[in-house]
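Residue numbering restarts at 1 for every chain, and letters A, B, ... go by the order of the sequence lines.
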Amino acid sequence: MNNEVKVRFAPSPTGMMHIGNARTALITWLFTRANNGRFLLRIDDTDQERSKQEYEIAIEEGLTWIGMDWDEKTRQKDRMDIYNEKIEWLKEQGRLYPCYETPEELDLKRKSLLSRKLPPIYDREALSLTDEQKASFDAQGSKPHWRFKLEHEPIEWNDLVRGPVKFRGSDLSDPVLIREDGTPLYHLCSVIDDIEYGMTHIIRGEDHVSNTACHIQMFKAFGAQIPTFAHLPLLSDKEGSKLSKRHGSLSLRDLRKEGLDPMAVVSLMARLGSSDPIEPFANIEDVVKSFDLSKFSRATPKFDLDELYRLNTKILHNLSFTEVKDRLAELGLDKMDGEFWLAIQPNIKRLTDAKEWWRVAKGPVTPIIEDRNFALQAMELLPATPWDENTWQEWTKAVKEQTGRKGKQLFMPLRQALTGMDHGPELGQLLLLIGEENVKKRLQYSPE
RNA sequence: GUCCCGUUCGUCUAGUGGUUUAGGACACCGCCCUUUCACGGCGGCAACACGGGUUCAAAUCCCGUACGGGACGCCA
């Protein structure tokens with residue numbers, strides 16, 4: 001007997017890991033780590049039709065990318081024996097009953113109820129089937145699907161996010177637990193695994209709230225202890241409507257491809273919708289330390305990509321060269337060194353901007369020269385190599401004395417000639433990175 | 001359609017009937033720093049969805065409306 005916190009994240013491998021899903025995953029994980037608990041990654045792949053291994057791989061990649069890990073991993077596909085065993089037990093308890101309606105018939109029933117302005121809840125017709133009727137269906141070769149018989153009693157729990165939640169059993173349809181082909185469905189597998197793996201807390205999206213009502217009765221039916229539940233609101237888009245995939249690249253894989261730092265994603269997702277300020281974090285351990293599930297609100301937070309990029313910029317501005325070295329290499333900037341990185345770091349918004357400054361230093365650059373004589377004059381005054389950190393000052397001082405230019409009149413033409421741009425990193429540092437050859441070439445540049 | 005949830009500055013939120021000229025963070029704007037941009041420092045702007053009610057007193061309690069979300073699958 002121990003009180004160790006045990007939590008799982010249970011995605012179904014039926015699509016790419018979406019930012020909304022990643023948020024739930026991350027919060028679940030942070031809660032576990034903040035409580036020194038055990039984290040289980042459970043692949044809910046009972047839907048053989050839609051589950052794909054490539055998605056399972058993408059999920060693991062995505063989670064790993066944002067810094068998550070897991071103490072254990074399981075796959076529902078591999079646990080069919082256990083489910084079948086529990087199914088038999090449930091049948092013996094009389095909590096499972098066979099139904100012979102076809103999907104079309106059920107659909108018709110729902111539509112009919114809806115048109116009478118009634119909630120489309122299953123009418124339990126199969127419950128009153130006689131043994132003869134069932135035998136007749138079986139004789140005709142009809143295979144039943146099986147529903148869990150809910151008790152029509154109040155269901156209540158204290159949700160860690162939503163507070164006290166109440167349901168009436170009669171407001172819910174008896175959930176189908178077994179398909180016509182005999183395979184178990186989500187509700188069954190999920191509850192069994194939650195029991196078998198000793199989950200103490202179930203943290204998931206609020207799309208599961210009414211499922212929880214059913215699940216609580218299933219936990220009871222199995223004689224298991226009921227875990228603590230927490231249902232997080234789903235994210236909405238900037239405008240406050242449903243987060244849709246149309247709105248652009250919102251899968252973890254896409255965000256990664258965009259060159260975002262995973263800590264930007266973590267920083268935003270760990271704080272969005274909570275009363276703690278959204279701030280850039282350099283490492284996930286600090287996020288764990290400050291994590292508090294009770295600070296999350298019931299309201300639907302808006303997800304704004306711009307906010308993610310802002311955080312990304314701030315995080316980038318604090319990364320040391322060793323931390324970005326590999327990622328720069330991935331961008332083809334394997335020749336960039338620490339000195340270069342330090343010079344351009346304050347001027348980049350995204351890591352990919354580094355490529356632009358590399359180009360500015362190494363060329364090709366189209367210099368902007370409005371006064372050719374001035375540029376040539378400046379070139380004549382260039383100090384002899386080797387250059388060092390004082391060279392810029394020496395040079396501009398000489399140019400100033402010689403030409404009488406000062407301030408913006410002095411510096412802007414030099415910047416434009418050297419970089420072809422009117423903004424950028426400190427020229428003193430840039431000068432060294434561009435190098436004598438390029439500097440001379442650019443100062444002598446003439447169009448055509 | 002039915003049930004459930006939500007709605008406080010642009011955004012995330014604090015606030016559980018009087019302590020509130022509604023607080024913070026980010027964004028935005030301004031100033032300073034900087035012989036560019038960025039970084040940094042300082043300051044400013046800015047909100048209780050709407051309508052009723054309860055109360056001496058309401059962002060806070062109740063009812064309704066609007067808007068948004070969720071659920072109502074032999075998906076998870």
Side-chain angles (χ1 to χ4, degrees), chain A residues 10-15 21 44-47 49-51 76 99 101-103 106-107 110-111 113-122 143-147 159 161-163 165-168 171-173 175-187 189-190 204-211 213 231 233-236 238-243 268 271-280 295-304 306-307 310-311 313-314 317-318 344-349 396 400 405-412 414-416 419 421-427:
Chain A
S12 64
T14 53
N21 230 356
D44 281 10
D45 50 3
T46 51
D47 187 339
E49 295 278 302
R50 298 192 302 152
S51 295
Q76 293 192 324
C99 305
E101 296 94 343
T102 63
L106 290 172
D107 196 42
R110 274 190 290 268
K111 280 183 178 148
L113 286 164
L114 238 28
S115 70
R116 283 184 282 152
K117 299 179 193 273
L118 292 169
I121 294 171
Y122 178 59
K143 290 258 195 293
H145 57 278
W146 298 72
R147 287 183 190 263
D159 196 287
V161 174
R162 319 190 106 209
V165 182
K166 292 188 182 71
F167 270 88
R168 282 187 301 267
D171 286 340
L172 303 160
S173 288
V176 175
L177 261 40
I178 304 165
R179 291 186 179 88
E180 186 184 327
D181 66 6
T183 55
L185 257 359
Y186 163 72
H187 299 284
C189 305
S190 177
R204 53 191 3 173
E206 70 179 6
D207 50 334
H208 282 288
V209 174
S210 64
N211 288 340
H231 293 88
L234 274 16
L235 298 180
S236 73
K238 215 156 96 175
E239 281 77 37
S241 29
K242 203 173 160 169
L243 202 58
L268 182 58
R271 291 293 181 80
L272 180 65
S274 91
S275 56
D276 278 326
I278 296 165
E279 50 190 352
K295 290 190 171 172
F296 282 81
S297 127
R298 271 186 292 270
T300 311
K302 297 182 181 70
F303 171 74
D304 183 357
D306 294 339
E307 193 148 26
R310 278 199 292 270
L311 281 168
T313 300
K314 294 200 170 177
H317 288 167
N318 282 313
I344 64 160
Q345 184 175 32
N347 287 77
I348 63 175
K349 275 195 154 68
T396 52
K400 185 178 171 182
R405 290 194 189 220
K406 59 178 182 177
K408 200 170 178 178
Q409 294 305 308
L410 169 67
F411 295 96
M412 189 52 85
L414 293 177
R415 174 176 292 281
Q416 290 179 331
T419 68
M421 301 172 84
D422 54 14
H423 68 271
E426 297 282 350
L427 277 174

**Prompt:** Quick check: does any side chain N or O of Arg271(A) sit under 3.5 Å from a backbone N or O of Pro277(A), one acting as donor and the other as acceptor?
**Reply:** yes

**Asked** Ignoring hydrogens and geometry, is there a side-chain-to-backbone donor-acceptor pair from Asp159(A) to His231(A) under 3.5 Å?
**Response**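 Yes, the answer is positive, given that a donor and an acceptor are paired below the 3.5 Å cut-off.
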
With rounding to whole Å, what would you report as the distance between [N] and [M] at their [atom1] atoms?
{"N": "A59(B)", "M": "A49(B)", "atom1": "P", "value": "10 Å"}
{"N": "G10(B)", "M": "A47(B)", "atom1": "P", "value": "7 Å"}
{"N": "C63(B)", "M": "C29(B)", "atom1": "P", "value": "44 Å"}
{"N": "C50(B)", "M": "C31(B)", "atom1": "P", "value": "35 Å"}
{"N": "U34(B)", "M": "G41(B)", "atom1": "P", "value": "16 Å"}
{"N": "C39(B)", "M": "A27(B)", "atom1": "P", "value": "9 Å"}
{"N": "U36(B)", "M": "G24(B)", "atom1": "P", "value": "33 Å"}
{"N": "C9(B)", "M": "A46(B)", "atom1": "C1'", "value": "5 Å"}

Non-neighbouring partners of [X] that pass salt bridge (Lys or Arg N to Asp or Glu O under 4.0 Å), sequence neighbours left out:
{"X": "Asp181(A)", "answer": "none"}
{"X": "Glu180(A)", "answer": "none"}
{"X": "Glu307(A)", "answer": "none"}
{"X": "Arg179(A)", "answer": "none"}

Watson-Crick or G-U counterpart of [N], or none if no pair lies under 3.5 Å:
{"N": "U55(B)", "answer": "none"}
{"N": "U7(B)", "answer": "A66(B)"}
{"N": "A14(B)", "answer": "none"}
{"N": "C75(B)", "answer": "none"}
{"N": "G40(B)", "answer": "C32(B)"}

**Prompt:** Does the distance from a Lys or Arg side-chain N to an Asp or Glu carboxylate O, for Arg310(A) and Asp306(A), drop under 4.0 Å?
**Reply:** no

Nearest-Å distance for atom pair [atom1]/[atom2], residues [X] and [N]:
{"X": "Leu427(A)", "N": "U36(B)", "atom1": "CG", "atom2": "P", "value": "10 Å"}
{"X": "Leu235(A)", "N": "G6(B)", "atom1": "CG", "atom2": "C1'", "value": "14 Å"}
{"X": "Arg168(A)", "N": "C4(B)", "atom1": "CZ", "atom2": "P", "value": "7 Å"}
{"X": "Leu243(A)", "N": "G68(B)", "atom1": "CG", "atom2": "P", "value": "16 Å"}
{"X": "Arg162(A)", "N": "G69(B)", "atom1": "CZ", "atom2": "P", "value": "15 Å"}

Is there any protein nitrogen or oxygen under 3.5 Å from a nitrogen or oxygen in nucleotides 38-41 of chain B, and what are the pairs?
residue : atom : partner   : partner atom : Å
A38(B)  : O2'  : Pro346(A) : O            : 2.4

**Prompt:** Is the shortest heavy-atom distance from the side chain of Leu234(A) to the side chain of Asp207(A) under 4.5 Å?
**Reply:** yes

**Summary of protein contacts for nucleotides 70-76 of chain B, nucleotide by nucleotide, where a base hit scores B, a sugar-phosphate-only hit scores S (4.0 Å, heavy atoms)** = SSBSBBB

Can you name the side-chain contact (heavy atoms from CB on, under 4.5 Å) partners of [X], sequence neighbours left out?
{"X": "Lys314(A)", "result": "Pro280(A)"}
{"X": "Val176(A)", "result": "His145(A), Arg147(A), Leu185(A)"}
{"X": "Phe296(A)", "result": "Arg23(A), Ile27(A), Leu232(A), Ser274(A), Phe291(A), Leu293(A)"}
{"X": "Asp171(A)", "result": "Arg168(A)"}

**Request:** Nearest-nucleotide wise, let me know which of Glu279(A) and Lys166(A) is further upstream toward the 5' end of RNA chain B.
**Result:**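 Result: Lys166(A).
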
**Residues that Lys400(A) engages under side chain to side chain donor-acceptor pair (under 3.5 Å), provided they are two or more places apart** = none

Got a list of protein N/O to nucleotides 8-15 of chain B N/O distances below 3.5 Å?
residue : atom : partner   : partner atom : Å
C12(B)  : OP1  : Lys302(A) : N            : 3.1
C12(B)  : O3'  : Gly273(A) : N            : 3.2
C12(B)  : O2'  : Gly273(A) : N            : 3.2
C12(B)  : O2'  : Ser274(A) : O            : 3.2
U13(B)  : OP1  : Gly273(A) : O            : 3.3

**Asked** So what does Arg298(A) touch, heavy atoms closer than 4.0 Å: a base, only the sugar-phosphate, or nothing?
**Response**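 Here Arg298(A) touches the backbone only, sparing every base.
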
**Request:** Classify the nucleic acid contact of Pro175(A) as base, sugar-phosphate or nothing, counting any heavy atom under 4.0 Å across all strands shown.
**Result:** nothing

